[in-house]
There are 2 protein chains.
Amino acid sequence: MTTAATDKRRVILDAAVRVFARQGFHTCRVSDIADEAGVAYGLVYHYFSSKEQILDTLFLERWDVMLAAIAEADESPRAPQDKLGAIAGFIIDSYRHDPDLMKVIIVEVTRAANTFGLTHLGKIRDAYAGIAAIVAGAQQEGRFRTDVTPEFAAQAFYGSVEQVLTGWIFDSTPVGEEELERAKTMIVQTICCGLELQSTGPGKKSA
Amino acid sequence: MTTAATDKRRVILDAAVRVFARQGFHTCRVSDIADEAGVAYGLVYHYFSSKEQILDTLFLERWDVMLAAIAEADESPRAPQDKLGAIAGFIIDSYRHDPDLMKVIIVEVTRAANTFGLTHLGKIRDAYAGIAAIVAGAQQEGRFRTDVTPEFAAQAFYGSVEQVLTGWIFDSTPVGEEELERAKTMIVQTICCGLELQSTGPGKKSA
DNA sequence: TGCCACACTGACTGACCAGTCAATCGATCC
DNA sequence: GGATCGATTGACTGGTCAGTCAGTGTGGCA
């Protein structure tokens with residue numbers, strides 16, 4: 001059944017990403033999506049039960065992939081720094097691959113505390129929990145400091161990544177490949193090693 | 001003129017904060033604001049030219065105070081860590097003082113890349129720039145590492161703070177005083193010192 | 001006492017738009 | 001050829017809501 005039928009569904013979803021990214025979920029009309037997809041208005045309702053369900057579908061499709069990426073990083077035998085690097089890399093690559101989709105997910109779902117945020121709160125929390133698990137593991141191995149809770153560290157880490165993406169989303173000039181790659185290492189550097197210069201020897205600052 | 005006239009204006013603004021926080025800007029009706037304020041529908045338009053202008057007013061009122069706090073931190077003679085701590089503290093205290101207002105600002109303005117985000121993009125960027133200036137200063141003094149750009153560090157710092165607030169905003173259980181205070185130090189700890197345990201001696205990881 | 005200015009009221013309107021549905025198209029099978 | 005059924009169409013409806021405006025209090029001032 002992966003014929004014209006499923007194709008049109010996909011066409012509508014892809015059009016919705018572009019329209020949501022351009023105009024925002026609340027501001028756009030369903031007819032905008034239909035027009036963008038080159039499809040009759042009614043067909044949207046043949047494949048989706050509501051405007052909201054389109055956004056839900058887009059979010060879940062992508063978020064489930066991310067949860068898998070987080071789980072995979074956690075299970076890998078790498079150092080915790082590299083696990084976090086893998087997650088940051090995955091998110092940044094997601095942006096590279098489809099900036100519009102990431103914009104929609106971040107702006108319309110992840111940060112929308114009222115409407116959709118609440119619907120998908122569980123899924124969103126799963127992501128934080130996965131990151132927190134990595135931090136907790138690193139603490140137990142004595143590799144990460146224990147005076148910052150894993151939950152807090154997860155928020156700080158994810159927040160940094162999302163904020164960097166938000167910066168790109170808002171930015172009028174497109175982001176270069178180089179900058180994307182550079183961001184990956186800078187995130188890990190900042191969160192794992194901190195901004196302070198490790199004053200090796202003289203003025204030692206204790207926690 | 002600071003009589004009943006200005007009072008009603010304030011009453012409407014305060015009511016709007018509660019309504020926006022509860023229902024979201026796009027989902028609420030102007031009549032909801034009027035009802036919450038205990039005021040006739042038309043009076044809202046006596047003081048404000050549009051629903052949007054109410055949100056603008058709320059945002060600008062608070063954001064300008066924050067920009068001042070950032071500038072003040074930058075100009076103070078404290079260590080860069082303490083400057084960042086002062087900013088994190090200010091934002092967290094803002095949340096303590098009026099969680100609804102912070103929710104509205106973060107959810108409806110700061111992260112709304114389409115509608116209001118664009119209007120206030122300049123003001124929002126001013127905040128990042130202020131934080132970046134502190135980091136740049138610390139780098140020039142040789143106190144912060146220079147392989148992370150000030151702009152990036154500012155994003156990471158602000159993103160961490162905002163994400164922690166977002167966590168509280170989403171959370172159903174209210175946040176304790178203790179947790180608010182603890183967050184201040186954990187943010188500075190994380191961003192300045194990093195999550196890694198400073199392995200003093202043995203397994204040294206180079207950047 | 002009468003007049004003015006302005007705070008205040010809330011019914012109304014005009015526009016907009018999500019979702020419906022009856023009709024058409026076209027592929028496939030008998 | 002024609003019966004069946006899902007895909008596709010787009011005009012239409014019902015409800016919602018931002019913003020308007022004509023009118024009513026009310027406090028101050030001459």
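Lettering of chains follows the sequences in order, A, B, ..., and the numbering in each one begins at 1.
Regarding Arg29(A), its CZ atom lies at a distance of 21 Å from the P atom of dT16(D), rounded to whole Å. Taking atom NE2 of residue His26(A) and atom P of nucleotide dA18(D), one finds them 14 Å apart after rounding to whole Å. Atom CZ in Arg10(A) sits about 17 Å away from atom P in dA7(D), given to the nearest Å. Per the geometry, CZ belonging to Phe48(B) stands 15 Å off C1' belonging to dC8(C), to the nearest Å. What separates CD1 of Ile54(B) from C1' of dA18(D) is a distance of 11 Å, to the nearest Å. The nearest whole Å value for the distance from the CG atom in Asp7(A) to the P atom in dA7(D) is 12 Å. If you measure from atom CD1 of Ile33(A) to atom P of dG19(C), you get 10 Å, rounded to the nearest angstrom. One atom, CG of Leu43(A), and another, P of dA18(C), lie 16 Å apart when rounded to the nearest Å.
Gln23(B) and Arg29(B) share no side-chain donor-acceptor pair at under 3.5 Å.
For residues 131-151 of chain A, there are no ring pair (Phe, Tyr, Trp, His ring centres under 6.0 Å) pairs, not counting sequence neighbours.
Remark: Phe59(A) pairs with Trp63(A), His120(A) by the ring-ring contact (aromatic ring centres under 6.0 Å, His included) rule, at least two apart or across chains. Under the ring-ring contact (aromatic ring centres under 6.0 Å, His included) criterion, Tyr95(A) pairs with Trp168(A), not counting sequence neighbours.
Using a 4.0 Å cutoff on non-hydrogen atoms, the parts of residues 35-42 of chain A near DNA chain D are Val39(A), Ala40(A), Tyr41(A), Gly42(A), ordered by number.
Around CD of Glu72(B), the count of heavy atoms belonging to other residues, nucleotides or ligands within 6.0 Å does not exceed 12.
Glu61(B) has a carboxylate O that lies under 4.0 Å from a charged side-chain N of Arg10(B), or vice versa, which qualifies the two as a salt bridge. A salt bridge does not link Glu179(A) with Arg182(A): every distance from a Lys NZ or Arg NE/NH1/NH2 to an Asp or Glu carboxylate oxygen is 4.0 Å or more.
Contact annotation: His46(A) side-chain N/O to dT8(D) OP1/OP2 distance is not under 4.0 Å. Taking side-chain N and O atoms only, Lys8(B) has no distance below 4.0 Å to OP1 or OP2 of dA7(C).
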Which side-chain N or O atoms in residues 121-133 of chain B pair as donor and acceptor under 3.5 Å with protein atoms at least two apart or in another chain?
residue: Lys123(B); atom: NZ; partner: Asp64(B); partner atom: OD1; Å: 2.6
residue: Tyr128(B); atom: OH; partner: Gln163(A); partner atom: NE2; Å: 2.7

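Using a 4.0 Å heavy-atom cutoff across all strands shown, Ser49(B) reaches no nucleic acid atom at all.
Remark: of the listed residues Glu52(B), Gln53(B), His46(B), Gln53(B) is the sole one forming a side-chain hydrogen bond (donor to acceptor under 3.5 Å, both in side chains) with Ser49(B).
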Please list each protein N or O that sits under 3.5 Å from an N or O in nucleotides 23-25 of chain C, with the distance.
none

